[in-house]
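The chains referred to below are lettered A, B, ... by the order of the sequence lines, with proteins before strands, and numbering in each begins at 1.
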Amino acid sequence: MKIGYPCINLTLDCRSNHTFRLKNYSKERLESTIEANLNCLQKILEFNKDNKILFFRITSDLIPFASHPILDFEWKKHFKTAFEDLGAFIRKNKMRITMHPGQYTVLNSINEKVYESSLKELFYHVDVLDLINLDYSAKIQIHVGGVYGDKKASMERFINRYFRLDNKIKNRLVIENDDKNYTLSDCLKINEKASIPIIFDVYHHQCNNLGEQIKEAFKRVSDTWKEKDGIPIIHYSSEHPIKKRPSHADTIDLIHFKNFIYLTRDFDFDLMLEIKDKEISALKALEIISNDARFLQN
DNA sequence: TCACGTCAAGCAGAT
DNA sequence: ATCTGCTTGACGTGA
């Protein structure tokens, strides 16, 4: 079991998600921004290594405007070596990496233009993970998408479009249950047809479910991950103590977390903590699982 | 130097 | 009709 956090490290004084306004776009500005982002990413990974955090989500903002028509800079060629170095570091330290395209990536959109730009965005994410030279356990996770008043048709549209995807994307793409539209049960139905692995988000499930208990859910979800996909990925958060659902907690609730770890003791998985204080909570979680057999076997 | 309106892009649900 | 949340945070203009 590896513990991870998404995109941003709050302890370090650098960010790997620097961007700028489209109206200020220039090749030079893009190059210097990417360079700063890659440098910071390296620092974050070093921090993670030093703190035994072996799971991390790379921000989609790593390359600003990567799928935008304005882009006129060959960033893949230009930063080839930097990506190779990152890859060597990640593989040497047996880290797991994921990426999560934003809310504008909607594979099942009824708007053809949105569908096309979503494909571009998926290729961008694939390019990053391919340049870093990671195996297919490095996943790109998306939600199923929009409902458009007809969930059945929208799920079928997702499946049909999934089948037509380039293998480069299919090898890495996974779906995650969301807090409003597509439940675990919906994702499992899609998996039956498309064999796409499912990231189970425990907190989303709490917000949006058909009554499945955690253990039952873990069993079903684990079966969707094949050998080449790596062990299952689980997303964990708990609800904010004051704000109403679906607000994520500001920091980890240690009692809730201990209970979760105990409940899932029969399963092995990598755990992404979607909690606002990022690595602070990840470090607390690590301490709790430091004597767990699933952690020790890594 | 700092505050605060705005940022490439979608969708659903609440106000 | 407009706002909010989603990975919400970072940019950048104006004072």
**OP:** Pick the P atom in dT1(B) and in dT8(C), then give their distance to the nearest Å.
**Re:** 30 Å
Subject >> 5′-ward residue of the pair Asn24(A)/Arg57(A) relative to DNA chain C >> reply: Arg57(A)
**OP:** Give the ring-plane orientation class for His68(A) versus Phe65(A), where under 30° counts as parallel, over 60° as perpendicular and anything between as tilted.
**Re:** perpendicular
Original post:
Rounded to the nearest 0.5 Å, how far apart are OG of Ser117(A) and CG of Asn111(A)?
Top reply: 8.0 Å
Subject >> Within one Ile-Leu-Val-Met-Phe-Trp-Tyr cluster: Tyr236(A) and Ile8(A), side-chain cutoff 4.5 Å >> reply: no
Subject >> CD/Glu116(A): more than 12 non-hydrogen atoms of other groups inside 6.0 Å >> reply: yes
Original post:
Given dC6(C), is OP1 or OP2 found less than 4.0 Å from the side-chain N or O atoms of His143(A)?
Top reply: no
**OP:** Could you check how far CG of Asp277(A) sits from P of dT7(C), rounded to whole Å?
**Re:** 16 Å
Original post:
OP1 or OP2 of dC6(C) less than 4.0 angstrom from a side-chain nitrogen or oxygen of His235(A), does that happen here?
Top reply: no
Original post:
What is the distance from CG of Asp250(A) to C1' of dT7(C), rounded to the nearest Å?
Top reply: 14 Å
**OP:** Applying side chain to side chain donor-acceptor pair (under 3.5 Å) between Asp130(A) and each of Lys76(A), Lys168(A), Arg172(A), report the one that passes.
**Re:** Arg172(A)
Subject >> Sugar-phosphate only, base, or nothing, as touched by Gly145(A) at under 4.0 Å among non-hydrogen atoms >> reply: nothing
Subject >> Asn208(A)/Asn177(A) under side chain to side chain contact (heavy atoms under 4.5 Å, CB included): CA gap, chis, key distance, verdict >> reply: CA-CA 9 Å; Asn208(A) 186 17; Asn177(A) 60 306; over 6 Å; no
Original post:
According to the 5.5 Å centroid and 30° plane-angle thresholds, does Tyr104(A) stack upon the nucleobase of dA9(B)?
Top reply: yes
Original post:
Distance between the P atoms of dT7(C) and dC2(B), in whole angstroms?
Top reply: 32 Å
**OP:** For the side chain of Asn17(A), starting at C-beta, report the closest nucleotide among dA10(C), dT7(C), dG12(C).
**Re:** dA10(C)
Original post:
If you look at every strand shown and take non-hydrogen atoms under 4.0 Å, does Ser117(A) touch a base, only sugar-phosphate, or nothing?
Top reply: nothing
**OP:** Return yes when atom NZ of Lys278(A) has more than 12 non-hydrogen atoms of other residues, nucleotides or ligands closer than 6.0 Å, and no otherwise.
**Re:** yes
**OP:** Sugar-phosphate means primed atoms, P, OP1 and OP2; the rest is base. With that split, encode nucleotides 1-8 of chain B 5' to 3' as B, S or - using protein heavy atoms under 4.0 Å.
**Re:** -----BBB
**OP:** Give a yes or no on whether Val106(A) and Ile196(A) share a hydrophobic cluster (residues Ile, Leu, Val, Met, Phe, Trp, Tyr; joining criterion: side-chain heavy atoms under 4.5 Å apart).
**Re:** no
**OP:** Starting from C1' on dA9(B), measure out to CG on Asp61(A) and report it in whole angstrom.
**Re:** 12 Å
**OP:** Rounded off to whole Å, could you give me the OH-to-P distance for the Tyr25(A) and dA9(B) pair?
**Re:** 17 Å
**OP:** Would you sketch DNA chain B in dot-bracket for me? Only Watson-Crick or G-U wobble pairs with both distances under 3.5 Å count, crossing pairs as [ ], other-strand pairs as |, the rest as dots.
**Re:** |||||||..||||||
Subject >> Distance, rounded to the nearest Å, where Ile142(A) contributes CD1 and dG10(B) contributes P >> reply: 16 Å
Original post:
Does the ring centre of His143(A) sit less than 6.0 Å away from the ring centre of Tyr182(A)?
Top reply: no
Original post:
Rounded to the Å, how far apart are Leu62(A) CG and dG9(C) P?
Top reply: 18 Å
Original post:
Would you say Lys92(A) has more than 12 foreign heavy atoms packed within less than 6.0 Å of its NZ?
Top reply: no
Original post:
In residues 28-44 of chain A, what residues come within less than 4.0 Å of DNA chain C, judged by heavy atoms?
Top reply: Arg29(A)
Original post:
Choosing from dT8(C), dT13(C), dT7(C), which nucleotide comes nearest the side chain of Lys276(A)?
Top reply: dT8(C)
Original post:
Taking atom P of dT7(C) as reference, at what distance in whole Å does atom CG of Leu10(A) sit?
Top reply: 17 Å
Original post:
Which part of the nucleic acid, if any, lies within reach of Asn181(A) when heavy atoms closer than 4.0 Å are counted: base, sugar-phosphate only, or nothing?
Top reply: sugar-phosphate
Original post:
With nearest nucleotides of DNA chain C determined for His18(A) and His100(A) from heavy-atom distances, which residue corresponds to the more 5′ nucleotide?
Top reply: His100(A)
Original post:
Heavy atoms under 4.0 Å, any strand shown: does Asp178(A) hit a base, just sugar-phosphate, or nothing?
Top reply: nothing
Subject >> Heavy atoms from other residues, nucleotides or ligands near OH of Tyr136(A) exceed 12 (cutoff 6.0 Å) >> reply: no
Original post:
Do the side-chain N or O atoms of Lys180(A) get closer than 4.0 angstrom to the phosphate oxygens (OP1, OP2) of dG13(B)?
Top reply: no
**OP:** Spell out, yes or no, whether Tyr124(A) and Tyr104(A) are grouped together once hydrophobic residues are joined by side-chain heavy atoms under 4.5 Å, including indirect joins.
**Re:** no
Original post:
Nearest-Å distance, CG (Asn208(A)) to C1' (dA12(B))?
Top reply: 12 Å
Original post:
Below 6.0 angstrom between ring centroids: does that apply to Phe218(A) and His205(A)?
Top reply: no
Subject >> Spacing of the P atoms in dA8(B) and dA1(C) (rounded, Å) >> reply: 26 Å
Original post:
Are Tyr148(A) and dC11(B) close enough that a side-chain N or O sits under 4.0 Å from OP1 or OP2?
Top reply: yes
**OP:** Compute the ring centroids of Tyr5(A) and Phe56(A), then answer whether they are less than 6.0 Å apart.
**Re:** yes
Original post:
What distance, rounded to whole Å, do you find between the two C1' atoms, one in dC4(B) and one in dC6(C)?
Top reply: 22 Å
